[in-house]
Amino acid sequence: MQIARPRGTRDILPEEALRWRQIEDLIHHLCRLYGYGEIRTPVFEATELFLRGVGEATDIVEKEMYTFQSKGQRGRSLTLRPEGTAPVARAYLENNLHARPQPVKLYYFGPMFRYDRPQAGRYRQFHQFGAEVLGTDHPAADAEVIALAMAFFKALGLDGLQLQLNSIGCPLCRPVMREKLVEYFSVRVAECCPDCRQRFSRNPLRLLDCKEKVCREVGSQAPNPVDCLCPGCGEHFRQVRRYLDLMRLPYTLNPRLVRGLDYYTKTAFEIIVPGAGAQDAVGGGGRYDGLMQAIGGRAVPGVGFALGLERTLRLMEKQSASPEVPGPTVFVASAGETQDVVTKLVGDLRAAGLAADRDYMGRGLRAQMRYAQKLKAAYVLLAGEEELQRGRVILRDMQTGEQKEIRLEDAVNVLRAVAGK
RNA sequence: GUGGGUGUAGCUCAGCCGGUCAGAGCGCCAGACUGUGGAUCUGGAGGUCGUGGGUUCGAAGCCCAUCGCCCACCCCA
């Protein structure tokens, strides 16, 4: 049996790697424009960080974490990171970033791991681009991270994305919200799905975003969380929307957009692709003013997002053309016993900064030409016995088919000139 | 974790009720054109028919199991 890659993982081959490169370049470029600095945290962390930073009652923690014992007698429990925010929050605290000018604006890019059943747009190792603004609860920060996320998609030329927005309040308004929901649902839970009957006691907010038809039906007249916001949260929400309007970022209010955990506060948003099937969310985020304390630090407000890059790639494939795989600038072909010259020439060309390649299959000249074409070489330098006796090689333009003899010693310079380098 | 579909050459797939069924196209390599790409023609390499059992005189095709992939549920990115 051949060894295959683990389930839910992928190999990224050269053609696709180009797209990744394109995306990565864009991420770094955009974040520079928006004033975010890159942070790289370990791919594994103490399990405890996610238990507390993601929430013990979440699917992620309950069944999707790759957790293992570290080596050694008292090896602690470690977990491959299932998301990026908790590690960034941890790093903020651990490196005393609160001592820097606030807010601290960070972005990250890298693999995340979740044990889940793979499906279109869902993998066990997947990549996220995320950004966080730490140390301020100013509504303009909420608007900025949203703007950055949207700018990313726009720069990739992706259309039809929808920004959904909601506010889920703070520990002050949450009890009110909860009470109203309990009141509304208490006489109706019986009709809901089994999951929701459980959620009812644990986390009534979650009843709102259940995808079951019956539950949607039952919840259709449910109180809107936004109506329960305390004055502070209400004002914050108004400000966020005002800033989004100022930046001409359209959004759709979605009162059913909910985060389950207490340290998620105020702004919640999601970016979806209508009609993309089951995995229609390409990104999401929100404010988490309670997170830092939940993982044992001081109270530091934060807001951020995470975008799924596999899903972004998927969209790009549907919506835009593939980038051309660039070929070598020059292919050095051989006719007769000229291998030594070819070897030297390729080396010289490369040393001069020109992308050069050659045959390694012992092909005849005809086959070398065919090969050069398949590689998409712009030029062919033909080292033929006859010409070499006169100190010449042939330069052929593969686009036009024109060719001429040039002096071997001039080859590198001529190529450099003709390739514009 | 649940349900449905699927697995034959590198790729896309054909293979009828089990009996020359190991196939096609594309790709790869080569030749025709012995020193010149794109077109055409010809030839070649390449497959334990996902894997392991079972039924049978005989299995790619039937049965069971297992693994992978796809789609959906759940959840998320």
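Any value given below was found using the heavy atoms of this structure, including those in side chains, with hydrogens, waters and symmetry copies removed. Each chain gets a letter, A, B and so on, in the order the sequences are listed, and its residues count up from 1. Computed from a predicted model, the values in this text were never measured in an experiment.
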Scanning all shown strands, the Watson-Crick or wobble mate of B:rG46 with both distances under 3.5 Å is none
When rounded to whole Å, the CD to P distance for the pair A:Q368 and B:rG35 reads 11 Å
Note to self: I'd like to know if A:R81 pairs up with A:E83 as an ion pair, taking the criterion as any Lys NZ or Arg NE/NH1/NH2 lying under 4.0 Å from an Asp or Glu carboxylate oxygen.
What the structure shows: no
With a non-hydrogen cut-off below 4.0 angstrom, is A:R117 in contact with a base, only sugar-phosphate, or nothing?
base
Pairing partner of B:rU6, by Watson-Crick or G-U wobble and under 3.5 Å for both distances, is B:rG68
**B:rA32 versus B:rG25 - spacing of their C1' atoms, nearest Å** = 22 Å
Rounded to whole Å, NZ of A:K63 lies from P of B:rC73 at a distance of 14 Å
Pairing partner of B:rU56, by Watson-Crick or G-U wobble and under 3.5 Å for both distances, is none
Worksheet item: Mind checking the P distance from B:rU8 to B:rU51? Whole angstroms is fine.
Response: 10 Å
Partner of B:rG1 under the Watson-Crick or G-U wobble criteria, both distances under 3.5 Å, comes out as B:rC73
- Task: Evaluate whether the aromatic ring of A:Y371 and the six-membered ring of the B:rG37 base sit under 5.5 Å apart, centre to centre, with an inclination under 30°.
- Result: no
Using a 4.0 Å heavy-atom cut-off across all strands, classify A:A377 as base, sugar-phosphate, or nothing. nothing
Would you measure the distance from the C1' atom in B:rA60 across to the matching atom in B:rU42 and give it in whole Å? 31 Å
Can you tabulate the close N/O pairs, meaning under 3.5 Å, that link protein atoms to atoms of nucleotides 41-47 of chain B?
none

Note: A:R114-A:D116 ion pair, threshold 4.0 Å (strictly below)
no
For A:Y243 and A:H138, take the angle between the two ring planes, folded into 0 to 90°, and tell me which bin it lands in: parallel under 30, tilted 30 to 60, perpendicular over 60. tilted
Query raised in the report: Using 4.0 Å as the upper bound for N to carboxylate O, is an ion pair formed by A:E144 and A:K105?
Result: yes
Answer for the Watson-Crick or wobble partner of B:rG38, both distances under 3.5 Å, is none
ask   = Charged N to carboxylate O below 4.0 Å: is that the case for A:R241 and A:D142?
value = no
B:rC13 -> Watson-Crick or G-U wobble partner, both distances under 3.5 Å, gives B:rG23
Whole-Å distance, A:Q399 CD to B:rG37 P, equals 16 Å
From the list A:Y36, A:F152, A:F109, ring-ring contact (aromatic ring centres under 6.0 Å, His included) partner of A:F129 resolves to A:F152
Between A:D25 and A:R21, does any side-chain N to carboxylate O distance fall below 4.0 Å? no
A:L365 CG to B:rU36 C1', in whole Å, measures 5 Å
